[in-house]
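Only heavy atoms go into these numbers, but all of them, side chains included; no hydrogens, no water, no symmetry mates. Note that the structure is predicted; figures quoted are calculated from it, not measured.
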Amino acid sequence: MNGSRPVLVLHGGGGPATVAGLAGRLAGSARTITPVHPGWDGTPRPDWLTSVDDLAVAYLHLLQDDGLRDVLVIGSSLGGYLAAEMAVRDTAGQITGLVLINAVGADIEGEEVTDFFALDPRAQAEHSWHAPDRFYVDPATLSGSELARRQANMATMRLLTDGGRMTDPKLLPRLGRVRQPALVIWGESDRVVTPAYGAAYAKAFPQGRFAPVPEAGHLPHIECPDVTAELIEAELRRTATPPVLAG
């Protein structure tokens with residue numbers, strides 16, 4: 001939609017399909033930008049891109065190169081980690097709002113991030129979904145190409161997170177310098193990163209707000225799409241920068 005606020009939607013380890021429905025809904029009221037992270041879904045990854053920090057800086061450069069201002073950045077899981085890292089580096093003030101959806105990245109005492117790579121597919125579903133039977137996919141039923149795509153995505157995520165380390169001990173104290181409003185949405189049934197982890201994440205932002213979503217796990221925008229989208233749409237309106245009037 002021309003003239004509408006830019007919204008950058010950052011997917012997690014599951015790839016761009018996990019945020020496609022949310023991005024499609026937001027496209028009705030915002031200019032949605034939904035990149036595929038380099039190395040996901042067969043896209044090339046430059047040799048220099050080896051960390052979450054690298055990718056966060058690259059996305060800030062993307063916003064700068066496109067001349068985008070008043071940007072709401074939405075990130076799911078690893079994408080939330082990216083959004084937070086972008087915010088602490090946004091010296092140009094291009095980002096005016098954050099939405100973190102069951103984000104990883106923060107090192108919070110007493111709340112460990114589950115080692116997702118150590119789980120078998122059934123355990124991954126049990127940890128990720130409020131209704132795992134509804135969303136579990138037996139790898140034996142997948143085509144060879146789909147299985148290869150998923151494995152390549154996970155390999156890229158492992159590389160960017162230093163072997164699967166989903167937190168940066170430097171991130172949490174830096175969030176106190178983030179002045180943008182930050183809405184932290186959390187599926188209450190998440191066992192990858194618990195609601196207590198999410199509440200502590202939100203508290204680290206000077207303008208952080210925690211919004212739990214019942215009957216949802218790690219991807220509330222998929223399990224409870226209307227509730228999650230309505231929270232984001234309200235934040236989109238609440239955090240927009242008023243237009244500057246000429247004269």
Side-chain angles (χ1 to χ4, degrees), residues 8-19 35-63 73-91 95 98 100-121 123-125 127-128 147-178 182 184 186 190-194 196-198 200-202 204-205 217-219:
L8 178 65
V9 183
L10 302 173
H11 67 76
T18 60
V19 296
V36 179
H37 306 328
W40 264 263
D41 284 13
T43 57
R45 178 188 59 81
D47 291 341
W48 55 263
L49 200 161
T50 59
S51 70
V52 172
D53 288 1
D54 291 336
L55 192 51
V57 171
Y59 280 133
L60 279 175
H61 290 168
L62 171 69
L63 299 183
V73 180
I74 303 169
S76 165
S77 190
L78 179 69
Y81 184 176
L82 279 169
E85 293 283 8
M86 289 176 68
V88 300
R89 292 167 172 76
D90 180 30
T91 57
I95 299 170
L98 290 174
L100 308 187
I101 305 173
N102 291 72
V104 296
D107 191 357
I108 296 172
E109 185 176 359
E111 292 294 337
E112 299 295 324
V113 177
T114 298
D115 183 356
F116 199 72
F117 295 98
L119 303 176
D120 63 37
Q124 289 177 354
H127 279 72
S128 299
L147 190 60
R149 183 191 71 84
R150 294 186 179 204
Q151 291 172 340
N153 286 351
M154 290 299 99
T156 302
M157 183 164 69
R158 187 188 289 272
L159 173 68
L160 295 187
T161 57
D162 190 23
R165 186 168 62 93
M166 292 295 177
T167 61
D168 178 356
K170 299 177 182 178
L171 177 59
L172 193 69
R174 290 174 175 171
L175 297 181
R177 302 287 298 176
V178 174
V184 180
W186 221 264
D190 192 0
R191 292 171 57 202
V192 178
V193 274
T194 66
Y197 177 98
Y201 213 143
F205 290 99
H218 194 61
L219 301 172

Heavy-atom check, side chain of N102 versus side chain of S76, under 4.5 Å: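 No, every pair of side-chain atoms sits at 4.5 Å or beyond.
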Exercise: identify the closest heavy-atom pair between L78 and V52: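 Smallest interatomic distance, heavy atoms only, reads CD1-CG2, 4.0 Å.
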Stepwise side chain to side chain contact (heavy atoms under 4.5 Å, CB included) check, D90 with L60: CA-CA 7 Å; D90 180 30; L60 279 175; 4.2 Å; yes
Smallest separation among heavy atoms of A83 and L98, with atom names: O-CD2, 3.7 Å
Within the 6.0 Å centroid threshold, strictly below: H37 and H11: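 Yes, the ring centres sit under 6.0 Å apart.
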Exercise: identify the closest heavy-atom pair between G198 and V184: O-CG1, 3.8 Å
For W186 against V193, the heavy-atom pair lying closest together: NE1-O, 2.9 Å
Contact summary for L49 and P38, nearest pair of heavy atoms: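 Looks like CD1-CG, 3.8 Å.
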V104 and F116: CA distance, side-chain angles, deciding distance, side chain to side chain contact (heavy atoms under 4.5 Å, CB included) verdict: CA-CA 12 Å; V104 296; F116 199 72; over 6 Å; no
Value rounded to 0.5 Å, distance of CZ in R45 from CH2 in W40: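 One gets 10.0 Å once the value is rounded to the nearest 0.5 Å.
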Over all atoms of both residues, closest heavy-atom pair of D47 and T50: O-CG2, 3.4 Å
Aromatic ring pairing Y201/F205, orientation class (parallel under 30°, perpendicular over 60°, tilted between): parallel
Whether S51 side chain and D54 backbone form a donor-acceptor pair below 3.5 Å: yes
Test side chain to side chain contact (heavy atoms under 4.5 Å, CB included) applied to L172 and D107, step by step: CA-CA 6 Å; L172 193 69; D107 191 357; 5.7 Å; no
Audit row: R174, R89, side chain to side chain contact (heavy atoms under 4.5 Å, CB included) steps and yes/no: CA-CA 10 Å; R174 290 174 175 171; R89 292 167 172 76; 4.0 Å; yes
N/O donor-acceptor pair under 3.5 Å between T156 side chain and G39 backbone: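 Between the backbone of G39 and the side chain of T156 there is a qualifying donor-acceptor contact (under 3.5 Å).
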